[in-house]
Structure formats: C-alpha cells, structure tokens
Engineer: 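Here it is: the structure, laid out below.
As the structure is a computational prediction, the values presented were derived from the model and not from experiment. Proteins come first, then strands; the chains are lettered A, B, ... in the order of their sequence lines, and each starts at number 1.
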Amino acid sequence: MVNLKVKIDDLDLKNPVMTASGTSGFAEELTDFYDVGQLGGLLLKGTTLKNRDGNAYPRMAETASGMLNAVGLQNKGIDYFIENIYPRIKDYNTPLIVNVNGSTVEEYIAVTEKVNELDKIPAIELNISCPNVKEGGMSFGISCPSAEAVTREVRRVYDKTLIVKLSPNVTDITEIAKAVEGQGADSVSLVNTFLGMAIDSEKRIPLLSTVTGGLSGPAIKPIALRMVWQVYNAVKIPVIGMGGIMNAADAIEFMLAGATAVQVGTAIFKDPFIPVQIIKGIEEYLERHKILSVSELVGCLQM
Amino acid sequence: MVNLKVKIDDLDLKNPVMTASGTSGFAEELTDFYDVGQLGGLLLKGTTLKNRDGNAYPRMAETASGMLNAVGLQNKGIDYFIENIYPRIKDYNTPLIVNVNGSTVEEYIAVTEKVNELDKIPAIELNISCPNVKEGGMSFGISCPSAEAVTREVRRVYDKTLIVKLSPNVTDITEIAKAVEGQGADSVSLVNTFLGMAIDSEKRIPLLSTVTGGLSGPAIKPIALRMVWQVYNAVKIPVIGMGGIMNAADAIEFMLAGATAVQVGTAIFKDPFIPVQIIKGIEEYLERHKILSVSELVGCLQM
Amino acid sequence: MSKKFVEEFKVVENIALNSSNFLIKLLSKKALPQIAPGQFVNVEVKNSKEIFLRRPFSVFEVDYTQNTMSLIVKILGRGSKKLTEAEDGDTINIVYPLGKSFSYPEKEDKVLLIGGGSGVAPMLFLAKESGLVKENVDILLGARSKEDHIDVSDYAKYGNLHYTTEDGSLGEKGFVTHHSIFEQINNYNKIYACGPDAMMKAVAKIAKKEGVFCEVSLENLMACGFGVCLCCIEPTQKGNLCICTEGPVFNIKELKW
Amino acid sequence: MSKKFVEEFKVVENIALNSSNFLIKLLSKKALPQIAPGQFVNVEVKNSKEIFLRRPFSVFEVDYTQNTMSLIVKILGRGSKKLTEAEDGDTINIVYPLGKSFSYPEKEDKVLLIGGGSGVAPMLFLAKESGLVKENVDILLGARSKEDHIDVSDYAKYGNLHYTTEDGSLGEKGFVTHHSIFEQINNYNKIYACGPDAMMKAVAKIAKKEGVFCEVSLENLMACGFGVCLCCIEPTQKGNLCICTEGPVFNIKELKW
Ligand SMILES: Cc1cc2nc3c(=O)[nH]c(=O)nc-3n(C[C@H](O)[C@H](O)[C@H](O)COP(=O)(O)OP(=O)(O)OC[C@H]3O[C@@H](n4cnc5c(N)ncnc54)[C@H](O)[C@@H]3O)c2cc1C
Ligand SMILES: Cc1cc2nc3c(=O)[nH]c(=O)nc-3n(C[C@H](O)[C@H](O)[C@H](O)COP(=O)(O)OP(=O)(O)OC[C@H]3O[C@@H](n4cnc5c(N)ncnc54)[C@H](O)[C@@H]3O)c2cc1C
Ligand SMILES: Cc1cc2nc3c(=O)[nH]c(=O)nc-3n(C[C@H](O)[C@H](O)[C@H](O)COP(=O)(O)O)c2cc1C
Ligand SMILES: Cc1cc2nc3c(=O)[nH]c(=O)nc-3n(C[C@H](O)[C@H](O)[C@H](O)COP(=O)(O)O)c2cc1C
Ligand code: FES
Ligand code: FES
C-alpha cells in the first residue's frame, strides 16, 4: 500500500486532494453524491463578517476550456455559518478549512477570531485574491505591503494553521509569497482566478453583470503550474496548488512542480466525483511507478 | 458595401485583421495558400540585431485550448532580413510591420534604425514582452521605467508608426500602456503570451526545453479581452488587440472592448485561412447589423 | 438534501419531433430514483471542443419499469445541437435528479399548464402526473408558428390542448398571455408555467394581479447544477437563491417580479 | 515554395490493419496535386475536447485517378486514437501537401528501406514509387512483436521483405539495426529510413560509419506544419531548420547526429 498522507504545517491530510473554496459550497451538497470523508480536506465557501448578497445575475460565462465567475462572495456571514452550518458539518471526517474574506483588515481579523473558537476548524485560508468584490479581496493580494499587513494582523489572533491564498494577477507572485511567509503564513495556496472578461458579440454587451470576472478551469493550468513552480522555489513553507486540475495527471503535475497538496475547483462542476477519482488515480500512479509515498513527488521535477 | 478600413496613427489598413508576429513567418509561407494582399496587415517574425538560434527542442507543448511555445526569437538578424527576405516580400499588397526585439536598448535602437531605411515598412512593433528570452524581451515590458526608456529611445530614431507590444504578465497593464503612450508610442498592441509551464507527469520532466514558455490560443482570450478593455479606457492612442482570436465573433469582441484592429496568431496554425475568413465574417456581421463602418464597433460595448 | 447520481445513460431513442426539437430516450443500468415534474438533469456534451460545462434539461418522462428517462431537447446553440446528434447506443453522462419539482395540484383543482419554447417538457410531464381528471386540466402551448409546435396530441387524454402562435398559423394568434383563456383566468386554482423568461414574467404578472396561485420554472444559466457554485441565482424574498437547488420551480410570491 | 491547400476530405475507407494501425482512405473533391513519398499532411482532430492542434501523418498512397489519398495511422495517444474512430462518410480537414520528399534513387541503385512504428507508411510509398527492380530493393520493418507488424505482403512485388521483432516472434530477433542485412550494409548505395527517433539515430550511426548515403525522416512535434511557427526545428549543419519545410526528410550528413 502506498502512503498518500501529506502534512501542511500541523495539519495532517489523509491524502493531498482537497476541494477549492467556492466550488464545493459548505460540503453538504457533495454529501448527496459521496462520503466527503474520503477527501484530503475541504475548503468552505468564502465567508465574510456580515451577510453579502454577492453580485447580480448573470454571474457566469463559459469560455474555452474554462469559465468566468462573478459570484462576489455571496454568503450569510460568519455568525450564520457558526450557528447554522457548522453544527451540521463539523463531524465530517475530513479537515474543514474556512476561507476568510474581508474588505478591511479589521474584518479579516473579526472573522478569524470567530473561526478560532471552532474546535473542528483546524485551519483558515486567508483569501486576499478574490477578483469579484469591489473593496478588499484581490486588492490586498496584489501588493506586498497590503498582503503583509493583513497576514501579520491575522497571524496575531490565530494560532492554528494559516494558509494565505494568492492572486495570480501580479507581475511577480514570488514577491507576494515571500512577503506573507515573512509575516508568519504557514502555507500559501495558489492560484485564485485570473481577472477576465467575456462579451456577447451579437448583443454587444458584457456577459457578466460585473463586466469582469474570475477565470478558472483547464485554460489557466499552464500559468498556475508555472506560478506554483516559481513559488515552490522561492519559499520554505508548503505550497498548495490549484488551477484547472481535472484529473490525476494534472494533480501530479502540480505536485511535481512543488505543491504539497492540491485543490480541485471548477472540475467539480463538470463532475462532483472528480476529486475522489483523482485520489484513486494518484494511488494507481504511485503503485505503477513504485513510489511509496506521495510526498516523494513534491517538487521532484527532473530538470 | 460596408467600410472595413481602419487607421492606426498614419497607417491605413484596408481592414482591421492582421496576422500576429511569430505566427506567420515572413509572410511567404502564407502565400502558398492565398494572396496575403487580402490581409489588413502582416506582423513579421520577431527580428533581432544579430542571428539568434532560438531555444533548444522541444519548443512546443499543447495545452487545453492553447499551446505553449519557447521559440526564443529564432531569426537570422536584421541584416539578413534586409538583404534576403525584404526584397522578396516588399511588394506584397499589405502593410508589413517589423517586430523589433533586443536584449539592450541599444539593440532595439540599432534594429529600428535599419528598419527605418526600408521604404516598404510603414511601422514597427516594439516587442518588449517576449517571455522566451533570457535577457531583454519581457523584462522591458513588466516595469514602467524600462518600458518608458526603450520607447523613448526608439521614438527618437523613428518617425513612422511606432506600436509597442505589451506583456500581460503584469499586475496593472494600464500603467505600462500609459507609460509608453507618454513616451510617444503611436499605438499599443496586446497581449503577448502568458508565461506558463507544462509537465510530462509520466516522465516527470518539463515538456519545454526551457521549462517555461508562452501561452497563446483561446485559453487566454478572456484575460486578453479584459486587458484590451482596460487599456482602451486608459489611453488615447489606438489599441491593437489579440489573444486567442479564432473567428469573426472573437475579433468583434476585441473591437467592442476597444481594439481598433486585431491580430490573429495561434489560429493560423489550426488553419492558415482563418484571418481571411475573419475578414469575411466581420463584413457579414456589419451587413447583418446594418453597421456602415467597422470603426463604429471600436469600444462600443453597451454597459 | 437527497441522493444524487452521476451516471452514463445509454441512448435508446432519438427522434426529431420537428426541425428543432428532439426526443431523447435514455436507459439507465439501474433502477431510477423518483423524479417529479420540474426536476432536471445536467448533461455532459461529449466530443465538442467548444463546450466546457454541462447543459441542464428538464425531465420529460420517466418509465420506472423500463428504467428509461426522456428529455426534449430544443436546438438553441452548440451544446443542444450536439446532443440532438446522439445516436442509438451512444452514452450520455448525466448528473441527476436535480432541483425541486412543481407542487402537485389538489384533487379538485382546476389547473392551467403553460409551456413555451424549451419549457414544454416539464408541463407535459406534469399533465401526465397531475392525477386530475382531464376536464380540470388546460394545457396551453405557445410558439412562433405551427412548425415550431411539436405534436402533443397524445396528451389530449390528460387535458384540453390549446395553442398560440405568433403568426396565427396554429391556435390563437399572439403570445400565450394573449390567449382567450386568460379572459377567465380566475376559473383556475393554479397556474403552472415553464418557458422563456419574458413569457414567465408575463404570466406571473397576470397571475399576481388576479391573485391566482402560480408556479413558474426558471432557466437561469448554470455552472454546477447542484448548489455549489452560486452562479444560477434569482433574487427572491429570501435573498438570492440558487435556482438549481431552491428551484427551478418557484411560487411567484417568492420572486421579486 | 509550392501551393498548399486546406481541404475537407471524405473518409471512404477505414480498415484496422492490426490492433493499433489503421488504414484511412480519403477522397478529395478535386484533382490531387503531386505528392511524393516522405511528404505529409496535417490533420485536424475534430470533436475532441482535449486536442487543440493538428496531427501530422505521412502520406502512404495516392491514387490520382480516383483522387484518393491514404494514411496509416498508428494509435499513440488521444488524437491518433480519435482519428482511427472515423467512419465512412465522415469528413477530415487536412492541410497538404507538406514537407520535402525522399530523393528518388537512381536506376541502378541498390536500396534498403527501413521502417518502424509509424514510419512504415512512407517507406512502403517509396518502395512502390522507387521505379527499381524488385531485386534491388530490400524492405526491413521492425516492431515489438509479430502482432505489431501489419501485413505488407502486397509489397513483396516491389522489394524483398525482412522483419525484426524484439521478441523474435517474426523475422530476426532484436532491433532493425541488429538484422543480418547490416552485416553487408555496403551492398547498398542508399538507405532510407523512417521511424522512432532512437531507430533513426541507430541507423544513421551505422550508415555514417560505413559511408553509405542515408536519408531519414524525422517526427519532431509540430504546431503549424507549414513553416511559420518554428517549433519543429532540428539542429543541422545550417543551423536550426524546420523539419516541416526543410524536412521531414534529411540526408544524415545535414544533421548533427
Ligand atoms: C432548469 C432548466 C431546465 C431546462 N430544460 C430544458 C428542456 O427541457 N429542453 C430544452 O431544450 N432546454 C431546456 N433548458 C435550456 C437548455 O439548458 C439550454 O437551451 C441549453 O443549455 C443551451 O445550450 P447550448 O450549448 O445549445 O447553447 P449555447 O451555445 O451555450 O448558447 C446559445 C445562446 O443561448 C443562450 N443561453 C444558453 N443557455 C441559456 C439559458 N439557460 N437561458 C437563457 N439563455 C441561454 C446563450 O447565452 C447564448 O446566447 C433548460 C434550462 C434550465 C436551466
Ligand atoms: C512528419 C511526420 C509524419 C508522421 N507520419 C505518421 C504516420 O504516417 N503514421 C502515424 O501513425 N504517425 C505518424 N507521425 C506521428 C504522429 O504525428 C503522432 O503519432 C501523433 O501526432 C500523435 O498524436 P496523439 O494525439 O495520438 O498523441 P498525443 O496524445 O498528443 O501524445 C501521446 C504521447 O506521444 C508523444 N508524441 C506525440 N507526437 C509525437 C511525435 N511526433 N514524436 C514523438 N512523440 C510524440 C506525446 O508527447 C505524448 O507523450 C508522423 C509525425 C510527423 C512529424
Ligand atoms: C464559482 C467560483 C467561486 C469561487 N469562490 C471562491 C471563494 O469564495 N474563495 C476563494 O478563495 N476562491 C474562490 N474561487 C476560486 C477557486 O477556489 C480556485 O482558486 C480557482 O477556481 C482555480 O481553481 P480551478 O481552476 O480548479 O477552479 C471560486 C471559483 C469559482 C469558479
Ligand atoms: C510560436 C509563437 C511565436 C511567437 N513569436 C513572437 C514574436 O516573435 N514576437 C512577438 O511579438 N510575439 C510573438 N508571439 C506572440 C503572438 O504574436 C501573440 O502575441 C500571442 O500568440 C497571442 O495571440 P494568439 O493567442 O492569437 O496566438 C509568438 C506566438 C507564438 C505562438
Ligand atoms: S448552478 Fe451552481 S449553484 Fe446553481
Ligand atoms: S511545425 Fe511550425 S514551423 Fe514546422
């Protein structure tokens, strides 16, 4: 039997395959299909301090090998989560990670402090890279000083595993990664979506209510993979890779490029079973290649 | 009859569809298929001062709805071009534009001065965005001071139409666009390729000899379209749009987003006739929508 | 929440109902779960370079003894076109069953079922399943012209059929809401409708004004179809709701129309 | 440069030659231009989500009276697999004719044609077109085992057939360069070869050592196939050359091997 376990800071994952934030709700919908206890981890839908209605419809546009979304962090706020959702999901047999959002540093801190009280949440993912909100979000993640500031302040109030989710919409992602590492991030996850746009040429209107939105799916994989490889070579903390992962080969590519674990996002819309199929596929790969532990793949690209 | 003419600075194009640099050689290969005089313009293969062998094989990897290339500006140098190629192609009945490259500002100047002597070259495209060369190339295009410097110096020695080709691998492309506009660029063209990477998971090696390469094709279209729209709203000079254009609808989307003209690149590898099919498709679109002149489309996205 | 499946169905029939509508019958390898009118499935479009996401289609018919399920696919764009090219024996990957169904009428209810465009399928399904006597069911179908209507004469046993066409080539001329049935709309206890957005809004407006119970089925764009992406939202009295899990059927009182 | 075309061919035959090789015969609507052994075509793979670029295949046979052209497609990955699923009447979009052919032998030449893997097609084409008497032509084909060889007995009229297999199940055991023919390699004026990179290099090494004229056909990855992308380069004595326009056939003296 091959060993699929990986470790992100203090967080032990039974396998390196997690679902990405915003693509697996609060995990409940996935339980209609299978036991989510099989997953390495579960990133919950982006959560803010207060209720957010998100952006107007239409929020989605299909693109070549990908899609744009402009959901805009629709969620009922952290208190609603704690009171109504958390009790229902807390005993799922896999680490549940809250994706923390805010439009000010104070909001990030406030959400984090509340999450800190929850026994069954072993980690947070600080989303400083959402391209679909007017204030905060990505604007924190595209400059070093603001990325540093929010990471530092959140680190002060949070002792468990702190993952910072990076934006790909930058000239040099390694600078941002090093900046948040310097402020105590335990891990970085990348990439969030690329800012993109789609137009209906017949009607001459943008396809999204917000004009621009976030691009995800296989289209972005080559760029995401390059960024994971660059960041892996720039920081010492573990890297969590994502962007267009559709199958086990894709996941393995990210691990070879330096990811200790991966997240599967848009692929879930195509088929909710893809994350579990990937776990199986990685297992088969390791057996076929006679590799004992999945962690041996991490960063072992032959140059 | 609808009017397909557009103007980029002093350059009159019979229609807005050009072929992108590096995807149509020095135009001769296309003449094996059709009369290139039908095209709005032709961007020649990136040219440097001296001969360049380019990067080692393999230079290409297919990706989801796109491809990575790592050609690395293989060309025989500007003198070879002037002596051997230019005489053969100079009478093609369409504007020929030289794509000027260098690893130092001096090299850009030297190439430009030589091109300046060629009667039948009405414009140059300053490529400050090639991701496939070690020195120069993209490094000029990802920071304002270096983009400004090279534009300023080239502008000094060149009176005809100066187009500057921008890199999409930046946090804010409007800053770079404004910077080169400020130094006298007559037009900006965008986007060049996105830095990406591909891995063979079975062999655990990068698919490109250079590890990273430039991503092009439909995969990048949503991001390219967003950048064209942003730049159109930030500068006054005409914008030339490209990135994944495969058909007339794509070309029209770029024009609606603000491009005065477009370039077709990777699509040519799929079918060399695509640029001429796009011209026809735009004509049909204008007739169907009862629009008299193609220039009425430019930037007229309804918000 | 209820159990959902991802399954490869086998195409056992693909019949052109007219130039743009196809009846696709799909065979499951296993016993089908209960599926009610208004629920839908999310269909993978294989072998198409341009299509990335699934496409949602309402269930039109279920035969639990044969383990078959049928859809009516109207050609709208590239994905629906591709699906109508399916051949017997092909497999189609489907996520199902999705969404909430129409509420079933009470025994004595007099109901009006309104279907237009790609919204005909769930209305016919509901007519068949309603459990009402034929006399209490009116089925009103709207289309551009005669050729766009599919032959639904089989359904005359479940209700009285009425038609509108924009060009007057079949039934009354105009949109469904122009049909003379609407002159006595208060005769009905319940209106159920599925069709294009504009049709739904027109029906809802009248039902609201006249105070008649009305459920409509919406067709917002979807990415996932099972509630995780939050792309398919409709503003409602309870805030933005996903039509794929909280709908696609809504009582018009819940909507902000 | 010479005129090139993009055309929809119609599939008129698709025969499995063995479990992994298919003969696909394509009909053109118009008179075919001259195509010589070693030249290739670039084939669009339709209806495949994963495939973006065309795939190059050597021409195997041309019938100018029937306007047909045949390819032998060996299943290597997703694109070649998809192509072998083509059915009669399907259309396949092709860019052609591409590349330079083998040089034709002189009347009295004694030649050795070596083919392996997907390199068999151009060798058989050359055997047929060489214009030599059978006695002066040796055709040596290599594969892993008997089942991987296709039946080429028809070609016995153009040359003497020899086989190698890695497991010894047909002909001599080992790689092509282990075949006893190589003991008298100086008997030949010319060697022509097409097959996997490693095979080409092994053949070239011997030919070079023995000073025998040798042309090999290369299979570098291509994006465009007609000389505009510069992706398919091979380092040569004249610098990096595109194999799609300056090859795929090279005299080994031109290469840096
Ligand atoms: C719950 C639900 C049930 C449905 N039931 C049926 C059914 O039983 N039969 C049937 O034929 N169709 C049904 N539809 C509609 C069907 O999903 C679309 O026709 C189909 O997705 C179009 O895909 P396409 O690839 O052909 O079109 P595309 O090529 O993707 O699009 C063509 C054009 O149509 C527009 N478009 C695509 N989908 C929609 C949509 N859902 N609403 C408005 N505009 C759209 C696009 O923006 C584009 O302009 C249903 C939709 C939903 C949400
Ligand atoms: C000039 C030329 C002539 C050819 N003639 C023939 C022919 O007559 N018959 C025939 O069956 N094949 C021929 N080939 C090879 C054929 O093009 C490839 O087998 C095909 O492109 C593979 O596509 P795929 O989608 O099946 O493989 P993919 O799924 O794209 O790839 C599968 C694996 O094979 C590797 N691969 C793909 N193409 C090549 C290549 N060209 N060289 C080395 N590795 C590769 C990939 O890197 C990958 O690892 C020729 C190639 C060239 C360049
Ligand atoms: C519909 C949608 C909603 C998303 N919402 C969030 C979110 O709330 N928080 C977040 O950090 N990322 C969010 N993302 C980004 C994904 O988590 C992931 O970073 C991105 O989609 C790239 O991975 P993929 O290509 O596998 O989808 C969202 C993505 C999609 C498509
Ligand atoms: C094989 C290849 C070679 C290229 N060479 C050049 C070049 O020499 N100079 C340049 O400015 N851009 C070069 N490009 C970039 C294209 O001109 C274009 O900016 C990019 O491919 C995006 O457009 P597309 O998606 O339509 O291909 C090259 C692109 C490809 C694919
Ligand atoms: S389509 Fe994803 S939530 Fe409804
Ligand atoms: S494949 Fe493009 S130059 Fe040869």
Engineer: With a 4.5 Å cut-off on heavy-atom pairs, point out which of Gly244(B), Pro222(B), Pro168(B) contacts chain A the most.
Structural biologist: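 Highest number of pairs under 4.5 Å: Pro222(B).
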Engineer: With a 4.5 angstrom heavy-atom cut-off, could you sort out which part of Ala249(B) is near chain A: side chain, backbone, both or neither?
Structural biologist: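 It is both, since atoms from each part get that close.
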Engineer: Compare every heavy atom of Leu225(B) with every heavy atom of Met197(A), then report the nearest pair and how far apart it is.
Structural biologist: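 For Met197(A) and Leu225(B), the tightest heavy-atom pair comes out as O-CD2, 3.6 Å.
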Engineer: Can you measure from CD1 (Ile223(B)) to CG (Leu215(A)) and round to the nearest 0.5 angstrom?
Structural biologist: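 Ile223(B) atom CD1 to Leu215(A) atom CG measures 5.0 Å (nearest 0.5 Å).
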Engineer: Let me know if Leu195(B) has heavy atoms under 4.5 Å from chain A in its side chain, its backbone, both or neither.
Structural biologist: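 Both parts, heavy atoms under 4.5 Å.
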Engineer: Need one label for Ala257(B): side chain, backbone, both or neither, based on atoms under 4.5 Å from any heavy atom in chain A.
Structural biologist: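 Interface part for Ala257(B): both.
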Engineer: Checking heavy atoms, do the side chain of Val211(B), its backbone, both or neither come under 4.5 Å from chain A?
Structural biologist: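 Contact with chain A: side chain only.
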Engineer: So which donor and acceptor atoms of chain B and chain A come within less than 3.5 Å of each other?
Structural biologist:
from: Ser65(B); atom 1: OG; to: Ser65(A); atom 2: OG; distance (Å): 2.5
from: Thr171(B); atom 1: N; to: Thr171(A); atom 2: OG1; distance (Å): 2.9
from: Thr171(B); atom 1: OG1; to: Thr171(A); atom 2: N; distance (Å): 2.9
from: Thr171(B); atom 1: OG1; to: Thr171(A); atom 2: OG1; distance (Å): 3.2
from: Leu195(B); atom 1: O; to: Arg226(A); atom 2: NE; distance (Å): 2.8
from: Leu195(B); atom 1: O; to: Arg226(A); atom 2: NH2; distance (Å): 3.1
from: Met197(B); atom 1: N; to: Pro222(A); atom 2: O; distance (Å): 2.9
from: Ser201(B); atom 1: O; to: Tyr285(A); atom 2: OH; distance (Å): 2.5
from: Glu202(B); atom 1: OE1; to: Arg288(A); atom 2: NH1; distance (Å): 2.7
from: Glu202(B); atom 1: OE1; to: His289(A); atom 2: NE2; distance (Å): 2.9
from: Glu202(B); atom 1: OE2; to: Arg288(A); atom 2: NH1; distance (Å): 3.2
from: Glu202(B); atom 1: OE2; to: Arg288(A); atom 2: NH2; distance (Å): 3.1
from: Arg204(B); atom 1: O; to: Gln302(A); atom 2: N; distance (Å): 2.8
from: Arg204(B); atom 1: NH1; to: Tyr285(A); atom 2: OH; distance (Å): 2.8
from: Arg204(B); atom 1: NH1; to: His289(A); atom 2: ND1; distance (Å): 3.4
from: Pro222(B); atom 1: O; to: Met197(A); atom 2: N; distance (Å): 2.9
from: Arg226(B); atom 1: NE; to: Leu195(A); atom 2: O; distance (Å): 2.8
from: Arg226(B); atom 1: NH2; to: Leu195(A); atom 2: O; distance (Å): 3.1
from: Tyr285(B); atom 1: OH; to: Ser201(A); atom 2: O; distance (Å): 2.5
from: Tyr285(B); atom 1: OH; to: Arg204(A); atom 2: NH1; distance (Å): 2.8
from: Arg288(B); atom 1: NH1; to: Glu202(A); atom 2: OE1; distance (Å): 2.7
from: Arg288(B); atom 1: NH1; to: Glu202(A); atom 2: OE2; distance (Å): 3.2
from: Arg288(B); atom 1: NH2; to: Glu202(A); atom 2: OE2; distance (Å): 3.1
from: His289(B); atom 1: ND1; to: Arg204(A); atom 2: NH1; distance (Å): 3.4
from: His289(B); atom 1: NE2; to: Glu202(A); atom 2: OE1; distance (Å): 2.8
from: Gln302(B); atom 1: N; to: Arg204(A); atom 2: O; distance (Å): 2.9

Engineer: Out of Ala198(A), Ala248(A), Pro206(A), return the one with the most heavy atom pairs under 4.5 angstrom to chain B.
Structural biologist: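 Ranked by contacts with chain B, first place is Pro206(A).
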Engineer: Tell me, side chain or backbone of Ile205(B) under 4.5 Å from chain A's heavy atoms, or both, or neither?
Structural biologist: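 Ile205(B) touches chain A through backbone and side-chain heavy atoms alike.
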